Every structure is written in C-alpha cells, then in structure tokens.
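Everything below concerns the one structure shown next.
Counting convention: from 1, in listed order, for ligands and their atoms alike. The model shown is predicted, which means the values in this text are computed figures rather than measured ones. Along the sequence shown, the residues carry numbers beginning at 1.
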Amino acid sequence: MSEKLIDVVDNAGVVRLTINRPKALNALNSAVLTELESVLTDLEQRSNLRAVLITGAGEKAFVAGADITEMREKTPEEARAFATQALRTIKRLETLPVPVVALVNGFCLGGGCELALACDWAVASDNAIFGQPEVLLGVIPGFGGTQRLPRRVGPAMAIDLVTTGRKIDAQEALRIGLVNRVMPQAELDAYAEELTKQLVGNGPQAVRASKLAVHDGMDQDLDSALALETALFAFCFAGEEQKEGMSAFVEKRKPNF
Ligand code: CAA
C-alpha cells in the first residue's frame, strides 16, 4: 500500500496536517496537491473543526518548493494548469473557517513559502530558511507569492526577495513579519500542544467569527469592514457561547464551551 502524502492527526478538533515527502524535502507535486485538496474538502465539512496546523515531515524541510523535476518539461498550458491547481488548493487552506497555522520546521522555499503565506500565521524553527528563489530557475512565483508576500511584508521587501531570490533565515523572517515566532525545532511540538489547549479553551464560534472578520474585512473599505465587525459582534450574542463565557467570568469559573 502506498504511503499517504498528507498525514492527518486530529487532536480534539485541532487537525495537524503533515506533508509527507521527506526524500524530496516535501516538494509539492500534483499528487501532493491532489491529496491535500481532498483532505481540505473533508475538513471544510467538519462543524467540530477548531484549528489546522500544517507542517512538513522530517527535520530538514517544511516544503522546499514546487516540484522542479515535475515542472521541468511542462508546456505553458501545463504550467498554467499546475499553478491553477495549486492556487485553488492553497486558497481552500486559507479560507478554512478556523485558524490555520504553519509550523515551519526547515526549508520554506518557493511554493513552500507561498503555502505558509496562505496560513493565518506561521511559527518557525530556528533552522528555517525562507525565500522565493524562482528567478534562479528562470520563472516567477506561481503559487501566489507575488501577491501574498507584499501583503504580508510590504512591496519593497517582497520585490527584494522575489527579484534577488535570496534566502533569509528565521530571525530575518521574524523581523520582516513573515513569521510570528521563532523557537528551537525541538520546541515546535510543545508550541503546537500549547496552542491546541488555548484554542480548544476558547469559544469555537467566536474564534471562527474573529477569523472571518479579519479576512473579509481586509478586502473591504474601513467603514464596510467595521460594519461587518459590528454584525459579527452582535451575532455572537445570539448563541449560547456568549452567555456561558460572560456568566463564567461573573461566577469566577472557567467557561465550558
Ligand atoms: N523539487 C523537487 N525536488 C526537490 C526540491 C524541489 N523543489 N527541493 C529539493 N528536492 C530534492 C532534491 O532534488 C534531492 O533529491 P535527490 O536526493 O533525489 O537528489 C532531495 O530533495 C534533497 O535535496 P538536496 O540534496 O538538494 O538537499 P540540500 O540540503 O543539498 O539542499 C535545498 C536543500 C537548498 C532546499 C535544495 O534542495 C534546493 O535548492 N531546492 C530547491 C529550492 C527551490 O528552488 N524551490 C523553488 C521551486 S520553484 C517553485 O516553487 C515555483 C512556484 O512558485 C510554484
């Protein structure tokens, strides 16, 4: 039986996805993307989903990019189809209704960096290396990097990284806002566990509404976005969660969501 390219582990609704192609540094080929999309289709249906963590198998790489061996002989039409498949898959990850966190455990290059950019936030091990080295291969980022990178780190830094193809270490990634935290690789699992506890302790609908407000609001003008926030804030008062959360505070006990 063939090994799964995406390992899925569920811990109380916090689902950890591991891209499992360590011999090729978890490079994204069509098979990986197809399996990832199928897993995401499944997760989209789950009402008890609380968060998604995504990482790469092994200690060397998160994802070292799109698969260069597979891309090498592609025609323009085939390249377009490959990028379209990747963009669709990555968008599905981005738009999951719960927080999506990249645990970047090593090389995070090209399509790997583009995958991390579609996550709500990223934490990196101190050996992680980031970059968009596509120009070194005679192409440009094709999995969203030219658009999500400037939105995350600003256009000047994005054009620097995309046109030079230079690699940066985890500390520089932290400084430019590409990742939220850096820690020794051995601590990534403990971080994931702590995050799981934290998220599972919060009101699930409130967590979903928070993400929705930020995501949908960012695409709107400020007044419309503030109106969206007000609507979602009011919506929270329609459910049991707000009653339980506020009662627990007043009664000096932990909420039971
Ligand atoms: N595609 C396919 N295979 C890859 C790969 C990739 N992106 N990255 C690494 N591999 C494979 C290597 O070919 C090698 O396979 P073999 O053992 O069969 O030879 C294996 O993974 C281990 O890699 P290395 O021996 O190269 O390991 P290293 O430690 O010497 O170097 C590295 C590590 C610096 C990450 C180097 O592998 C590298 O530069 N990889 C390519 C990075 C890259 O250019 N990524 C961007 C791809 S283009 C892209 O992503 C386009 C887009 O936007 C859609």
Side-chain angles (χ1 to χ4, degrees), residues 2-3 5-7 17-37 40 54-94 102-119 122 124-153 155 157-173 178-179 182 185 188:
S2 66
E3 281 221 329
L5 293 168
I6 308 291
D7 281 333
L17 305 179
T18 304
I19 299 170
N20 186 24
R21 250 196 112 199
K23 284 190 184 138
L25 303 188
N26 304 316
L28 302 172
N29 61 11
S30 309
V32 171
L33 291 170
T34 300
E35 200 168 311
L36 180 58
E37 189 168 22
L40 294 172
I54 186 160
T55 193
E59 294 189 344
K60 196 166 165 185
F62 173 69
V63 171
D67 191 303
I68 300 167
T69 315
E70 184 178 304
M71 283 188 297
R72 186 175 170 199
E73 302 293 341
K74 283 196 190 302
T75 65
E77 291 71 28
E78 288 164 346
R80 182 190 292 274
F82 184 50
T84 302
Q85 178 192 23
L87 282 178
R88 189 181 62 235
T89 305
I90 287 174
K91 183 84 183 170
R92 292 181 87 151
L93 181 71
E94 182 175 48
L103 304 174
V104 178
N105 56 320
F107 287 111
C108 182
L109 299 171
C113 195
E114 293 166 296
L115 186 74
L117 282 165
C119 297
S125 59
D126 49 15
N127 66 332
I129 299 286
F130 295 80
Q132 296 289 163
E134 288 85 352
V135 283
L136 279 70
L137 300 164
V139 296
I140 69 166
F143 291 0
T146 64
Q147 303 310 310
R148 289 194 179 93
L149 189 59
R151 284 165 170 78
R152 181 74 54 99
V153 304
M157 183 55 79
I159 295 174
D160 167 350
L161 292 173
V162 168
T163 59
T164 62
R166 73 184 174 92
K167 298 184 179 68
I168 61 173
D169 63 18
Q171 286 303 333
E172 186 170 359
L178 189 52
V179 301
V182 176
Q185 188 165 48
L188 269 185

[X] side chain to [Y] backbone, donor-acceptor under 3.5 Å:
X    : Y    : value
Q85  : L33  : no
Q147 : G144 : no
R92  : E37  : no
E35  : L5   : yes
N105 : E59  : no
E134 : V139 : no

[atom]: the protein heavy-atom neighbour that sits closest, reported with distance to 0.1 Å:
atom                    : value
atom 2 (C) of ligand 1  : I68 N, 3.5 Å
atom 48 (S) of ligand 1 : L137 CD1, 3.6 Å
atom 20 (C) of ligand 1 : K23 O, 3.3 Å
atom 10 (N) of ligand 1 : A24 O, 3.7 Å
atom 38 (C) of ligand 1 : L109 CD1, 4.8 Å
atom 36 (C) of ligand 1 : L25 CD1, 4.7 Å
atom 52 (C) of ligand 1 : E134 OE2, 3.4 Å
atom 30 (O) of ligand 1 : K60 NZ, 4.7 Å

ask   = Would you say E70 touches ligand 1, if touching means a heavy atom closer than 4.0 Å?
value = no
inquiry  = For P133, state whether at least one heavy atom is located under 4.0 Å from any atom of ligand 1.
reply    = yes
ask   = Are F143 and F82 close enough that their ring centres sit under 6.0 Å apart?
value = yes
Testing the basics here: between [X] and [Y], what is the closest heavy-atom pair and its distance to 0.1 Å?
X    : Y    : result
D67  : E70  : OD1-N, 2.9 Å
A170 : S125 : CB-O, 3.6 Å
L115 : I54  : CD2-CD1, 4.1 Å
L178 : C113 : CD2-SG, 4.3 Å

For ligand 1, which atoms have a heavy atom of [X] less than 4.0 angstrom away?
X    : result
G142 : 52 (C), 53 (O), 54 (C)
D67  : 1 (N), 2 (C)
P141 : 53 (O)
F143 : 53 (O), 54 (C)
G110 : 46 (C), 50 (O)
M71  : 48 (S)

Electrostatic pair E114-R148, nearest N-O below 4.0 angstrom = no
message = Check this for me: does any side-chain nitrogen of one of E172 and R166 sit under 4.0 Å from a carboxylate oxygen of the other?
response =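 Salt bridge flag = yes for R166 with E172.
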request  = Give yes or no for whether the N/O distance cutoff of 3.5 Å, strictly under, is met between G111 and ligand 1.
outcome  =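 Yes.
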ask   = Looking only at N/O atoms, are E114 and ligand 1 under 3.5 Å apart anywhere?
value =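 E114 vs ligand 1: N/O contact under 3.5 Å present.
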Would you verify that at least one protein heavy atom lies under 4.0 Å from [atom], or report that none does?
atom                    : answer
atom 44 (O) of ligand 1 : yes
atom 8 (N) of ligand 1  : yes
atom 16 (P) of ligand 1 : no
atom 24 (P) of ligand 1 : no
atom 50 (O) of ligand 1 : yes
atom 13 (O) of ligand 1 : no

inquiry  = Just to be sure I'm reading this right: ignoring hydrogens, which of A64, G144, A66 gets closest to atom 42 (C) of ligand 1? Compare them by their nearest heavy atoms.
reply    = A64
query = Side chain or backbone of I129 under 4.0 Å from ligand 1, or both, or neither, by non-hydrogen atoms?
reply =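 Under 4.0 Å from ligand 1, I129 contributes no heavy atoms.
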task = Give a yes or no on this: more than 12 heavy atoms of other residues, nucleotides or ligands lie within 6.0 Å of atom CZ of R88.
result = yes
note = The reported gap from OG1 in T18 to CG in N26 (rounded to nearest 0.5 angstrom) is 9.0 Å
